[in-house]
Structure formats: structure tokens, C-alpha cells
Amino acid sequence: MISVQLPDGSKRSFERPVSVAEVAAAIGPGLAKAALAGRLDGRLVDVSHVIDRDAQLAVVTDKDADGLDIIRHSTAHLLAYAVKELFPEAQVTIGPVIENGYYYDFSYKRPFTPEDLEAIEQKMAELARRDEKVVREEWNRGEAVQFFHSIGERYKAEIIASIPSEEGISLYREGRFVDLCRGPHVPSTGRLKTFKLMKVAGAYWRGDSRNEMLQRIYGTAWARKEDQDAYLKMLEEAEKRDHRKLGRDLDLFHFQDEAPGLVFWHPKGWAIWQVVEQYMRQVYRDTGYREVKAPQILDRSLWEASGHWEKYRDNMFTTESENRYYALKPMNCPGHIQIYKSDLRSYRDLPLRYGEFGQCHRNEASGALHGLMRVRGFTQDDGHIFCTEDQIQAECVAFTAQLQMVYSDFGFAEVQYRVATRPEKRIGADTLWDKAEQALMESLRASGVPFEIAPGDGAFYGPKIEYHLRDAIGRTWQCGTMQVDFSMPGRLGAEYVAEDNTRKVPVLLHRAIVGSLERFIGILIENHAGALPPWLAPVQVAVACISEHQATYAESVVQTLKKQGFRAEADLRNEKITYKIRALALQKLPYILVVGDKELQSGQVAVRARGGVDLGSMPQAQFVERLAADVGERRNVGPAA
């Protein structure tokens, strides 16, 4: 007798080995129809998988996150099936699930065109309608290699050769198409009903620029059409908000080939930067951080001692001088430890908090660069807290509250929390990782917030809390982080004199709130569609004169505003006022002040808020009071223009 325990604690008994599909059918016809896979003792398996011992089972449907991933993975295989039907000479490589979709890489003699994508998508729909069974097969390694070579799929044969010998080889067959995959997959192609191909991009085989450039077809897939429609609408809105386009339109920054992944900030963009940096500098002061500045370039020996040279070398820019090797810092932590070590520290000095707007460089692949969101040179609001083990939780709780306040000020009300645990490649003993992970989880419980676990996503030197904020169109961005590090301080010789007069190694907490300032400004631009609230706007108010006769008055209004600390400009062009207002509105300014003879004589200004809202004429002092309140309360003005 085989006993299968279900998620609700109930058990089903079977006299013989039974498949996941049969268990689902025993529970009810509705579940049998909805079943996509099973989670057997924590491992995902196909519905055809046979259970031959007592086990715990959760039947996976499209309502589960695992179910949606299986739909997307299966749709990636459906894409490869369709490509092989239409372009038999194409070679298939890999096709994983990614956020909101999937991709598949192909080797083909010519670039795929938009018309090809349309034909492929139609063929995918046709194959789905056939409702062909998706069958898992276990193969001998040698036979699998020989099979793929025989059908001209050298990439698949190469993948099999790279799989560790202790792992089995599984193939999935649907119709005439056979593909290498661990699975699981949907039971049949008919379960794939809602999908769309998005674009084609280039990608090197195995991510190595020395290898062949492949063609990567991206797609999205969903359990329900309304979910896909909402996603496509979000993408449409995201395209309108693209910070790269808005950066050009609003004259904020630009990139050029002579400095790949590095930003040329224009005056207006740099004004935004300065507001963000000065705000964060005040946060440092208010919460007990001492601002420091460490060198940009450090000797290789320091990076070897910290562990970065072994674990992070490929992402570091290096240089040499006088037979010594150096690296531009990709992170600020080793430099901060040197500052800590410059004096003898006591337990009475802890916690000791350092903060730096540290400029870092990372050798990102050119294909991964994306405007402000992924750059090679960036500045972090980086901080490090040296503390005792007993102080970890209190520092983490205080940091979470600090971060929540900052995000709220920037207009982000919703934060999601994840604890990223130990990766395979790491330094430090497992007992220390146990302590670090537990401390982070306990701090979030003490903060009263729900959190998820992200297994294996921690840094090589310690686990971390990831703070994900949600923007105006529902996207999430991971910006803040809190990492507990028991290893690096000891590797670099950091100590403090404990209460019993012995020397001990401090715990190092790595923390950032906005993370990369470049990326955070990109997020702000997209969140507000370029219509930044007055406290962040590079130009808070423009004063436009109706005719040359009011030019001097317009200039005087601007000077009055500037003297009170506001960012103001005058528009004195010899153009019609309607033209000026329209042009200034395209700059998404919070306020436009119009001055004509009436305003000149009365000493007032005619106020237009963003979005074309006419607030009428008012004394300058009244407008200043209004603008000061907007800035002081960090509130926004009107819709995006």
C-alpha cells in the first residue's frame, strides 16, 4: 500500500504505484483536468511520473507560480518545435524561463525577420491546437549524443557532453520534435493557449563573445488571456516611460560609443542627481553614519585578501603601474575596512557606521548595458556597519525603518522583502552562514513585514535582505540591500577590543538604500514618466513673458525664486505665449508662471500647474508659499504633461 500525503494533511492510499495524474483524478475530475505537474517531496515532476513509495504530493495547476513557470518553459519548447517545422536547418540550443516569459536561442544562416516571427507564432498556435502529448524519455548518454549529431543538432550534443556523468539524460518528445530537457512539462501542447513572441536579439553561445552569435527569440506566455493583455498594456506604458527616450527629450543625459556604459550628465540631469545625493547625505547624518571616501584604485593584493579576485575577477577593470597590479573598485567594502583598521577600536565604538557615495566600476558585458539601469560606472549610497553579533538584529531593524521612510519620500509606497541565502560559491563556514541568515530573518519578523526566501541568491561573502520597490505601473525593482558578513572583516584583519580585553573580529553589515544612483534616477524618471515632483524636478518653475515688455519683470521673478533656493528659469524668447506654454509643458515642469502687463502692474504671476491646470493669478509670495509646501512635503503636482 502506497500512502500519498496532500498539502492539507489528508492522505490517499493506493494498492499499486500510481502516477501524479491518477492521484489528481482520485481527488476529483476538476483537479485532474487542471493538473500541469506535481511537487513530489519538494521536487517538481511531470503528471506522468509514477509514485512507488510513501510521499508528499502537491498537484501543480496554472494557479501556482510553479505552474506558470512550467507553462512558459513548455512554450519555449513549443517555439523551438515551430522553428524546426518552418526552418529545418535551424539548430536549437537553450530555452529557459525568464521573468514574465522565456527565450530560445537558435543558430540559423540568416537573421529572423518580423515576418518570420509572425509565421512562427502562427505555427505555435497550430501545434498547440493539435494537442500532442508531451512525453518524457530517459536516454543513455552516448545514444543521446549520437542521436543529436545524427539530426544535425551539434549544440544539443555539446550540452549533453557538459552534463555531469552522475546526472541522467532526459528528452521530451512532442509530435516530430525531440528536445533535451530536465522538465517537467505540461502534459500536452493543448495546455498552451496564451502566448506571444516579442522580439529577436543577438546572444553569444554560452555567453562568450569568442563563440558564434546566435539569434534569441523572446516570448511571453500566461495562463489567462486577461493576464497577458495586462502585461502587454504595461509594456506599452513602460515604452512611453523609457528613461532613455525621456533622458534625450528632457535634456538630462546621454551615452556615446567612446564611453560604453558610462553616463554623460547634462545640467538638468545632474541637478536631479544632486537632489538625490544631498537628500541621502542628510539621511546619513540623521541616522548616525560618518561619511568617508576611499580610493578608486586598490592593489591586487587587497582584492585577493578580500576574496574578490577569486570570485569576482571577470567583472573587474584592472591596470598596472611600476610592476604593480591594481583594480578599479567594483565595491566599497574593502576600502571601508581599511578606514576602520586605521585606529584601534573598542567594543564601545560599535556599532560604527560608515557611509560613502562611492564610485564603482564593473566590467559588464556590452550586451547587458541598458541606459541608466545597467552601466559600467556607477555611484552607490553605500554604507557599512561594524558591529558585534548581538547588535545585528537591532541594526537591521533600524535600517529597514530607515529604508521605508526613504522610499516613501521618493513616492514608493509598496516594498517587497526577500532573504537571499547562501550560494554554491561562497566563503566562510556554514555555521556562520546559519547565524547570518537567521539574523536577517529575525530582523524582518521584528519589523513586522512578510518576506520570501530566495535560495542561493546571496553574495559570495554573506546572505542578504533584498528590498524590492513597486513602481507606478506595477513593476518591481530591487534597490536596497542589507548583507550580513562574518568573513571579510577577518580576512582583512579587522578587530576590536572586547569587554574582556580580548581581540575579536567585528561583523560587517553591507547596506544600501537606493543602490546605484544612476539606476535609481532611471527608476524615478520612469515611475513619474519624467514628470518629477517639485522637490526632484531639475527645473521647478519657468517664468514666461507674453511680450518683451515684461522681460525684466520675468527675470526679477526668477531671481526672487532663486534667492529662496528654488530652481527657476525665464523664457524670454520672442515667440507667442501659446507656443512657449506648449514647449514648456513638454518639459514636464511642475509650474509655469505667465507674466503680462496685468501681472507686471499688480506684481502677481499667473500660475499654471503641470497638466494644464490653471490656478489663476496670485501674489508672488503666495506662489512661493505654495511651492515651498510642495517641496517641503515632497508632494507631486498634476499629471504627467
Side-chain angles (χ1 to χ4, degrees), residues 69 72-114 116-117 119-121 123-124 139 141-165 167-172 174 177-183 185 197-221 260-261 311-316 362-370 374 376 423-425 456:
D69 280 350
R72 288 172 175 162
H73 193 184
S74 298
T75 307
H77 281 243
L78 187 69
L79 163 60
Y81 186 2
V83 168
K84 291 295 290 185
E85 289 281 292
L86 294 173
F87 309 97
E89 295 179 7
Q91 291 190 65
V92 297
T93 63
I94 58 171
V97 173
I98 57 175
E99 185 178 8
N100 296 317
Y102 55 91
Y103 68 77
Y104 215 115
D105 289 347
F106 300 93
S107 173
Y108 192 51
K109 59 188 176 184
R110 65 164 176 81
F112 290 123
T113 65
D116 291 334
L117 285 196
I120 294 168
E121 191 174 305
K123 176 59 73 171
M124 291 170 68
W139 281 52
R141 179 181 300 269
E143 291 176 350
V145 170
Q146 184 178 0
F147 168 74
F148 282 111
H149 273 307
S150 73
I151 61 174
E153 296 287 359
R154 67 178 181 86
Y155 289 97
K156 289 295 180 184
E158 183 179 330
I159 292 171
I160 294 173
S162 68
I163 296 174
S165 58
E167 292 187 25
I169 304 299
S170 58
L171 276 59
Y172 281 80
E174 46 194 287
F177 181 64
V178 179
D179 203 356
L180 171 72
C181 191
R182 289 191 180 94
H185 283 288
L197 299 185
M198 307 299 293
K199 63 178 181 179
V200 181
Y204 292 110
W205 169 236
R206 295 196 181 277
D208 189 333
S209 60
R210 294 169 295 184
N211 292 335
E212 179 189 354
M213 174 69 79
L214 305 173
Q215 297 187 70
R216 176 169 294 177
I217 299 180
Y218 286 93
T220 189
K311 305 291 184 180
Y312 207 73
R313 167 69 184 83
D314 292 342
N315 295 91
M316 297 168 71
R362 296 179 185 176
N363 191 14
E364 303 282 2
S366 59
L369 301 177
H370 180 77
R374 193 73 173 266
R376 286 178 171 167
E424 286 187 18
K425 294 183 178 180

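Every value quoted in this text rests on a predicted model; they were computed, and no experiment measured them.
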inquiry  = Could you work out, with ring pair (Phe, Tyr, Trp, His ring centres under 6.0 Å) as the rule, every residue matching Tyr312, not counting sequence neighbours?
reply    = none
query = With sequence neighbours left out, what residues match Glu174 under side-chain hydrogen bond (donor to acceptor under 3.5 Å, both in side chains)?
reply = none
message = Test of understanding: with side-chain hydrogen bond (donor to acceptor under 3.5 Å, both in side chains), list the residues that count as partners of Arg376, not counting sequence neighbours.
response = none
Ring center gap for Phe87 and Phe112 short of 6.0 angstrom = yes
note = Sequence neighbours excluded, the answer for side-chain hydrogen bond (donor to acceptor under 3.5 Å, both in side chains) partners of Asp105 is Arg216
His73 versus Gly95, closest heavy-atom pair with distance = CD2-O, 3.7 Å
task = Could you give me the CA-CA distance, side-chain angles and deciding distance for Val92 and Val83, then say whether side-chain contact (heavy atoms from CB on, under 4.5 Å) is met?
result = CA-CA 9 Å; Val92 297; Val83 168; 5.6 Å; no
key: Listed partners of Asp208 passing salt bridge (Lys or Arg N to Asp or Glu O under 4.0 Å), at least two apart   = Arg210
query = Side chains of Ser170 and Trp139: does their closest heavy-atom pair fall under 4.5 Å?
reply = no
For Leu197, the option from Thr75, Ile217, Asp116 that meets side-chain contact (heavy atoms from CB on, under 4.5 Å) = Ile217
inquiry  = Return the CD to CG distance between Glu99 and Asp69, rounded to the nearest 0.5 Å.
reply    = 11.0 Å
request  = Any pair with a residue in residues 82-97 that passes side-chain hydrogen bond (donor to acceptor under 3.5 Å, both in side chains), sequence neighbours left out, goes on the list, sorted by first then second residue, please.
outcome  = Lys84-Glu153, Glu85-Arg176, Glu89-Lys109
message = Are the side chains of Val200 and Phe106 in contact, using a 4.5 Å heavy-atom criterion?
response = no
remark   = Rounded to the nearest 0.5 Å, the CD1 atom of Ile160 sits from the CG atom of Leu180 at a distance of 5.0 Å
Side-chain heavy atoms of Arg206 within contact of Leu214, under 4.5 Å = no
task = Check salt bridge (Lys or Arg N to Asp or Glu O under 4.0 Å) between Glu121 and all other residues, then give those that pass, not counting sequence neighbours.
result = none
request  = Output the distance between atom CD1 (Ile151) and atom CD (Gln146), rounded to the nearest 0.5 Å.
outcome  = 12.0 Å
key: Nearest heavy-atom neighbours spanning Ala144 and Ile169   = CB-CG2, 3.9 Å
task = Please confirm whether the backbone N or O of Asn100 pairs with a side-chain atom of Thr220, one donor and one acceptor, at under 3.5 Å?
result = yes
message = Taking side-chain contact (heavy atoms from CB on, under 4.5 Å) as the definition, give me every residue that meets it alongside Ala76, ordered by chain and number, with sequence neighbours left out.
response = Tyr102, Tyr104
task = Drop me the distance from Leu78's CG to Phe177's CZ, to the nearest 0.5 angstrom.
result = 9.5 Å
key: Gap separating the NE2 atom of His77 from the CG atom of Asp179, nearest 0.5 angstrom   = 4.5 Å
request  = Please report the shortest heavy-atom distance between Ala82 and Met124, naming the atom on each side.
outcome  = CB-CG, 3.5 Å
task = Give a yes or no answer on whether the side chain of Arg72 reaches the backbone of Ala221 with a donor-acceptor pair at less than 3.5 Å.
result = yes
ask   = Of all heavy-atom pairs between Tyr172 and Gly183, which one has the smallest distance, and what is that distance?
value = OH-CA, 3.4 Å
key: Residues that Phe148 engages under ring pair (Phe, Tyr, Trp, His ring centres under 6.0 Å), provided they are two or more places apart   = none
query = What residues, two or more places apart in sequence or in another chain, satisfy salt bridge (Lys or Arg N to Asp or Glu O under 4.0 Å) together with Arg141?
reply = none
ask   = Residues in side-chain hydrogen bond (donor to acceptor under 3.5 Å, both in side chains) with Glu167, at least two apart?
value = Arg182
query = Partners of Arg374 by salt bridge (Lys or Arg N to Asp or Glu O under 4.0 Å), sequence neighbours excluded?
reply = Glu364
